[in-house]
Amino acid sequence: MKELIFRFLIGGVIVSSFAMLGEILRPKSFAGLFGAAPSIALATIGLTIAHSGRDYAAIEARSMVLGAIAFFCYASAASWILVRYKPRTLTATIALLPVWFGISLGLWGLLSRVSP
Amino acid sequence: MGFAFEGFAVIVEAKFAALKDTRPRDYAIRFLFGGLCTVAAGVIAKRFGPGVGGLFLAFPAIFPAGASLIEKHEKEKKQRAGFEGTMRGRIAAGIDSLGASLGCIGLAGFAMVLWMGLPRYNAVIVIVAATFVWLVTSVGLWVLRKSRTLRRIHP
C-alpha cells in the first residue's frame with residue numbers, strides 16, 4: 001500500500017510539473033512537445049529498477065517504444081481532426097483514445113509473436 | 001530562448017503569467033490523473049507482466065485534460081478581445097497536439113535508450129542520457145519543422 005501511495009504522489013508531482021512547463025511555454029506547438037514528455041516513465045523507472053531490476057525495466061522500456069508509436073498516431077490524428085473539423089477538444093481527444101489502445105496492443109501482439 | 005536558422009529567428013518564451021489563468025481545480029485534476037496513471041502502470045505491469053505494463057509508460061495520461069485546457073484558455077483570451085473564440089480555441093488545441101506528436105518521436109528515443117542501455121550500463125547515467133535524447137530529438141524536430149514552415153511562407 002505504501003508503495004502505491006508513493007507512486008501516486010511522485011507520479012502526480014512529475015506529470016503536473018511537465019504539464020505546467022507546457023503551459024508557460026510559447027509558441028503553442030513548442031509547448032505541445034511537453035504533452036508527450038516521459039513523465040510517467042520518469043516517475044516509475046527508479047522504483048521499477050529498485051524493486052524488479054534493470055532487465056525487467058528494460059523489457060518495460062521496449063514496450064514503451066510501441067506505446068510511443070501509438071501515442072504519435074493518436075496525437076497526429078487528434079491534431080488533424082481538431083484543425084480540420086474543429087470538434088470539442090475534450091470529446092475528440094477522449095473519443096480517439098481507442099486509437100492508442102488498438103495500435104499499442106496490436107504492435108505488442110505482433111512483437112510477441114516475432115520475439116516472445 | 002531563441003532558435004535562429006537561415007535568416008529566421010524563432011523565439012521560445014516562458015510566460016509565467018499563464019499559470020494564473022489555470023484554476024486550482026485544473027491543477028488537482030492533472031495531479032490526480034498523473035498519480036492514477038502512474039499507479040495503473042505499476043499495477044498493470046504486476047498483473048500482466050512488463051511487456052504490457054511498459055506500453056502504459058507512454059499512455060497519453062493527461063493529454064485530453066491538457067488539450068481541453070488550451071482550448072479554454074485560447075477561447076477566453078479571444079473573448080476578452082471581443083471575439084467568440086470557440087473555433088480559435090480548437091485550432092490552438094490542434095496545434096498543441098501537433099507539437100505533442102513530434103514529442104512522441106522523442107519519447108520513442110527515450111524508451112530506446114532505456115531499452116538498450118539499462119541491461120549494460122549504470123541506471124542513473126542511462127536515465128539522464130535518455131532524458132537528454134528525448135529533449136534534443138523533440139526540440140530538434142520542432143526546429144526543423146518550424147524552419148520548413150517559415151521557408152514555405154517566405155520562400
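Numbers restart at 1 for each chain; the letters A, B, ... are given by sequence-line order, proteins then strands. These numbers were taken from a predicted model, which means no experiment stands behind them.
No other option in A:I14, A:V15, A:T91 has as many heavy-atom pairs under 4.5 Å with chain B as A:V15. Of the listed residues (A:I5, A:I10, A:V13, A:L47), the one with the most heavy-atom contacts under 4.5 Å to chain B is A:V13. Annotation: maximal heavy-atom pairing with chain B below 4.5 Å, among A:G46, A:P87, A:A92, A:S39, occurs at A:P87.
Of residues 48-55 of chain A, those residues lying under 4.5 Å from chain B by any heavy-atom pair are A:I49, A:R54, A:D55. Contacts with chain A (heavy atom to heavy atom, under 4.5 Å) involve these residues of residues 70-78 of chain B, listed by number: B:I70, B:E71, B:H73, B:E74.
In this structure, B:L118 and A:A57 approach most closely via the heavy-atom pair CD1-CB, 3.7 Å. Closest of all the heavy-atom pairs between A:V65 and B:A108 is CG2-O, 4.1 Å.
Both the backbone and the side chain of A:A37 come within less than 4.5 Å of a heavy atom in chain B. When heavy atoms are compared at a cutoff of 4.5 Å, A:Y74 approaches chain B solely by way of its side chain, counted from C-beta outward.
Not less than 6.0 angstrom separates the ring centroid of B:F110 from the ring centroid of B:W115.
The closest donor-acceptor contact from the side chain of A:T89 to the backbone of B:S68 lies at 3.5 Å or more, if one exists at all. Here the side chain of A:W100 pairs a donor or acceptor atom with the backbone of A:G67 at under 3.5 angstrom.
The aromatic rings of B:F59 and A:F101 are tilted relative to each other, their planes meeting at an angle between 30° and 60°.
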